[in-house]
Amino acid sequence: MEWEAVIGLEVHVSLSTKTKLFSGTASVFGAEPNTEANIFDLAMPGTLPALNEEALRMAVKFGLAIGAEIGKRSVFDRKNYFYPDLPKGYQVTQLDFPTVGRGSLAIALDDGSEKQIGITRAHIEENAGKSLHEDFYGMSGIDLNRSGEPLLEIVSDPEIRSAKEAVAYLKKLHAIVRYLDISDAIMAKGSMRCDVNVSIRPKGSTELGTRTEMKNINSFRFVEKAINSEIQRQQDILEDSGTVIQETRRYDAERDTSSPMRSKEFANDYRYFPEPDLLPVEIDDAYIDAVRATLPELPDAKKARFVNEYSLSEYDAGVLTATREMANYFETVACGSGDAKMAANWVTGDLQAVLNKNNWDLVESPIQAERLTMLIQRIKDSTISGKIGKTVFEVMLEDESEVDQIIESRGLKQVTDSSAIESLVDQVIAKNAEQVQQFKEGKEAVLGFLVGQAMKLSQGKANPGQVNQLLRKKMM
Amino acid sequence: MIEKTVAELSRSLSRREISSVELTKAYLERINRYNGSLNAFITVCEESALTQAAQADTARDNGQTSPLLGIPLAHKDIFCSSGVKTTCGSKILHNFTAPYDATVVSRFKEAGAVMLGKTNMDEFAMGSSNETSYFGPVRNPWDTDRVPGGSSGGSAAAVAADLCAVATGTDTGGSIRQPASFCGLTGLKPSYGRISRWGMIAFASSLDQAGPICKSAEDAALMLNTMAGIDTKDSTSADVPVEDYTAELNNSLEGLRIGIPRQHFAEGLSTGVEQAIQEALNVYRELGAKIIEIDLPNNHLSVSAYYVVAPAEASANLSRFDGVRYGYRCDSPVDLEDMYKRSRSEGFGDEVKRRIMVGTYALSAGFYDAYYRKAQKIRRLIKQDFNSAFQQVDIIIGPTSPHTAFNLGAKTDPIAMYLEDIYTIGVNLAGLPGMSVPVSTVHGLPVGMHLVTNDFAESRLLNVAHQFQQNTDWHRQRATAFTEGH
Amino acid sequence: MAFDKTELEKVAQLARLHMSDAEKDEVAGRITDILALIDQMQSVNTDSVTPLAHPLDVTQRLRPDYTTESNRRDELQKLAPRVENGLYLVPKVIE
């Protein structure tokens, strides 16, 4: 039987506010344990929440970016459960009236077409702290620095049909929140986390199968692997006439398998009710318009503009707009060098390869936009050849000097002096009498070989156009 | 001197008839003498009180004046006070030294008042007799076999026995007004949001409100002047301008429309109390007020709705007491679950546990609509009843409690205890300001009259209470066993 | 509505309260009485009534995003039953 997967994602994004969602405690990654846990964050008796305006603004910004309905009246609720990393014994979240309502997001499929993935909602909530399981006399240690940080939980419709689509969706979300500058969204650091819901059904069926959930998967690659592994597991069960159990499973990336999480003695009952320490949040059109005015150009719009303005292919434009940093880099190089085509080739080709090879972020690249711009300018003004350009690029990775200095100090400047070229050409003609004869007999193709010999002799520095011209002239 | 009102003491202090240090010493002496029999204080801050008193005297020498400068007062032990043990009447906080000041506490510090100590209370403010305190019951100065009312019983007993000039309390269902009534005092529960709840240990967030327990309505106005106001730390504190609450105290009551709810003069009200209220109404008639019968048709449902809303909110508010970051933790827990369950079960008393259970149940899957949502709808009806009443009248008057103070141990059935607050609870559900004013005694025990006005009409409320006190002297009556020289 | 022992155990677990078997019957009885009091609400039809969650009919104020708290870890951890290396210690957390 042919099966179809039905996948929904719940993505938690840490909002990059300066302080926590409900307290004026700093919210900076990597501080010493519990140094960012003050009286409210520790749920000291008598403390009360005060809502961070920036967290609200960021949520609205996200909502506008995905074309969502903005909740003009959102309500915070308490979600009750006991856990040592949850100081109040309840998490403040938004159940029925989230700040961001229904929206959608487009992902590109392999065949080049586009698919809209519906976003059910996105709500603001508090992060929990961390339980450290190293052994402290057989006890766990609790660090509450993260406790109370603002999160945006983005819930997709179950419209994702494969692991690949899931990753495309995640990457798109990642790009959007980074474009919006509302989160650094680094999965490895936990500032973007993903819960995956998977079920399968016979292709063509409209009924939903029993779903399982996998929580807190922390890389794009693992999301892909976890989904594929879960689809396979469910398929094996169903083809063996078994039944899938609705449960939460833990994915083990190392062994590429998942196992059910310890089922609690009693099922959780979160006893949600409206948080009485907070009042409904109301926002008006003027507020929404003001936030809208701060929206940057988003990936899709930027891509379309790159195709139009710089005559790039859809593919190149897609690669160049994947992150805001990459797009800015490209535009700096394209405008500075006056050659968008060449800029695109360098950025998507050589630069991208180097980043991938070294696992660098763009900011970590030793070749920043200004230097690449200079390199392209030097190729365009014939100071160096395109081929030497590659050499210079390699050197630039190791050597922080100015491009011109590198060219100068390593003697990579293109030879355009006609007497020097004449001497090269004369040497080639003298050494290759046979080929010269063939050319004279009309075998044009030989010219390429002779030019190559001259270039080799010049260690690539001779201007190939000039060599070509002079060879022709001399062999006439 | 110690029997005087805050207004009177304030005048004596400013005329240098007495210093704050002398006054503070006098109260501390009385606390030493009588607290053993009354159990009104959980913590007495002798040293810091004397320091604060000396500072107040110096400040006065330096030309500072403020009605509360140098006035010795006590705070209910529900208010966090930095560096001072704050227990909320519970074993679970028996060792908790608050790391910060409640807004109420810091406002009194800024006003130069002297904090004598922290008063006993029903555990987490859950009770109407002050018998649920981990630190033992408080006794009523009028008759030490009787309860002072609750939950602010320690504050009421302390003021009634002149162990302090005035005290703070909190009121979630009647916890200021009922003890004020039982102890012959003037108690004010302001509108919800009038006073910041920051630092006030939460029982039921949408109902809790701080207020003063005093010897007169004028004192209540002076106290409210210091306590009221918006606080950025409490999102539910109201952005409503703070008036000078003493300004309208002497307004005439000519033409005042007083509403008498039929439902508050029905079955269950003792004849002595009813008579006392009727006589008080005659005073108002003489002052030119009109008495109009009104209906609060859903009042009988207020206790039911309250015992859903308050326990539900409390069940979540009290989850933070888990033995992890502060407070009581059980001995050698075998695992995490054991730590939670034993810390909480050993740390909380029976009444608190009962309410946590009821609240947890009311919010649990399948019952939310039948209980919590239903209670919120009833809450709307109760609010609407008051809204329509205030279309007709300026103030509503009735009894604070169905009877006078009862004996310790007399009410073992929780339900009987819950019904103590039948006249006061609706006011909390609606968020309105309410007051209790002493109007008589029956068999030597004080009777309280309950006054309610519309949202944020505290000035009117205080005016009506003050005018009664200008024309009677019930508020001057003292518990004889503890009067000076006795 | 009867509040039996099973119900009581479920609720006690949710609320993380321990009850001895001896206590259970008494507590269940008390709660049954309280629920009977509460159930008086059911006598009124409220189908068309909007719930009132809060007495204040106003909206949430917003707090500017700047730091107002400083690190007080050492002082605050003095209040804790058990700490080590700046961490709050609890019996092993099993996920």
Side-chain angles (χ1 to χ4, degrees), chain A residues 17-19 22-27 31-42 44 50-57 73-76 80-85 89 131-133 135-144 250 261-262 265-266 268-269 271 273-274 276 278-282, chain C residues 1 3-19 24 31 35 38 41 49-95:
Chain A
T17 52
K18 291 190 192 73
T19 63
F22 295 121
S23 81
T25 303
S27 177
E32 283 289 298
N34 291 309
T35 53
E36 291 181 350
N38 225 292
I39 53 176
F40 175 81
D41 322 304
L42 295 170
M44 285 291 167
L51 179 61
N52 186 334
E53 66 176 0
E54 199 57 21
L56 177 70
R57 203 183 59 80
R73 183 181 169 90
S74 41
V75 176
F76 285 100
N80 295 285
Y81 65 95
F82 284 88
Y83 208 74
D85 66 12
S131 304
L132 303 169
H133 304 298
D135 204 20
F136 297 99
Y137 321 102
M139 303 183 94
S140 293
I142 308 296
D143 175 8
L144 297 169
R250 185 203 315 277
M261 288 179 60
R262 190 175 69 109
E265 200 179 334
F266 293 88
N268 257 331
D269 177 347
R271 291 157 286 133
F273 73 103
L278 292 165
L279 299 162
V281 180
E282 279 185 15
Chain C
M1 216 173 295
F3 187 84
D4 58 21
K5 225 161 119 174
T6 323
E7 207 69 60
L8 177 117
E9 282 165 1
K10 198 181 95 189
V11 174
Q13 170 63 25
L14 283 173
R16 296 299 185 276
L17 292 171
H18 170 82
M19 306 246 161
K24 279 178 190 167
I31 293 178
L35 294 176
I38 289 171
M41 294 190 304
V49 180
T50 323
L52 178 71
H54 216 274
L56 280 183
D57 189 19
V58 290
T59 58
Q60 181 60 35
R61 286 190 290 268
L62 301 175
R63 172 179 65 80
D65 183 25
Y66 55 74
T67 310
T68 54
E69 306 295 307
S70 51
N71 173 22
R72 297 170 64 190
R73 182 179 77 181
D74 295 346
E75 175 199 350
L76 294 172
Q77 289 199 333
K78 287 199 182 98
L79 297 166
R82 197 132 182 223
V83 289
E84 184 83 31
N85 293 335
L87 297 167
Y88 292 93
L89 292 196
V90 297
K92 201 133 203 81
V93 177
I94 303 155
E95 270 175 89

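Chain identifiers are assigned alphabetically (A, B, ...) following the order of the sequence lines, protein sequences preceding nucleic acid strands; residue numbering begins at 1 within each chain.
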If we define contacts as heavy-atom pairs under 4.5 Å, which of A/Glu32, A/Lys18, A/Glu54 has the most with chain C? A/Lys18
Please confirm whether the backbone N or O of A/Pro33 pairs with a side-chain atom of C/Arg73, one donor and one acceptor, at under 3.5 Å? yes
Among side-chain atoms of A/Asp41 and A/Thr25, is any donor-acceptor pair under 3.5 angstrom? yes
Quick check for you: among A/Ala55, A/Pro274, A/Gly138, which has the greatest number of heavy-atom pairs under 4.5 Å with chain C? A/Gly138
Could you look at A/Phe22 and say if it's the side chain, the backbone, both or neither that has a heavy atom under 4.5 Å from chain C? backbone
Could you check whether atom CG of C/Asp4 has more than 12 heavy atoms from other residues, nucleotides or ligands sitting under 6.0 Å from it? yes
Heavy-atom cut-off 4.5 Å, strictly under: side chain, backbone, both or neither for A/Ala37 against chain C? backbone
Looking at C/Gln60, C/His54, C/Arg63, which one has more heavy-atom pairs under 4.5 Å with chain A than the rest? C/Arg63
Hey, which of C/Asp74, C/Asn71, C/Leu79 has the most heavy atom pairs under 4.5 Å with chain A? C/Asn71
Which atoms of A/Arg271 approach chain C - backbone, side chain, both or neither, heavy atom under 4.5 Å: side chain
Rounded to the nearest 0.5 Å, how far apart are CG of A/Leu278 and CZ of A/Phe76? 6.5 Å
Of the backbone (N, CA, C, O) and the side chain (C-beta and beyond), which part of A/Pro84 lies under 4.5 Å from a heavy atom of chain C, both, or neither? side chain
Locate the shortest heavy-atom distance separating A/Met139 from C/Lys92; write the atom from each residue and the value. O-NZ, 3.9 Å
So for A/Ser23, is it side chain, backbone, both, or neither that comes closer than 4.5 Å to the heavy atoms of chain C? backbone
Which portion of C/Arg82 sits near chain A, non-hydrogen atoms under 4.5 angstrom: side chain
Against chain A, work out which of C/Leu76, C/Thr68, C/Val83, C/Leu89 has the most heavy-atom pairs shorter than 4.5 Å and name it. C/Leu89
Taking all non-hydrogen atoms of both residues, which atom of A/Asn34 and which atom of C/Gly86 are closest, and how far apart? ND2-O, 2.6 Å
Looking at every heavy atom in both A/Thr19 and A/Thr17, which two are closest together, and how far apart are they? O-OG1, 2.7 Å
Side chain from CB out, backbone as N, CA, C, O: work out which of these in C/Val58 comes under 4.5 Å of a heavy atom of chain A, or both, or neither. both
Are the side chain of A/Asp85 and the backbone of A/Ile142 linked by a donor-acceptor contact shorter than 3.5 Å? no
A/Leu144 portion near chain C, given a 4.5 angstrom heavy-atom threshold: side chain
Return the minimal non-hydrogen interatomic distance between A/Pro280 and A/Val75, and the atom names on each side. CB-CG2, 4.3 Å
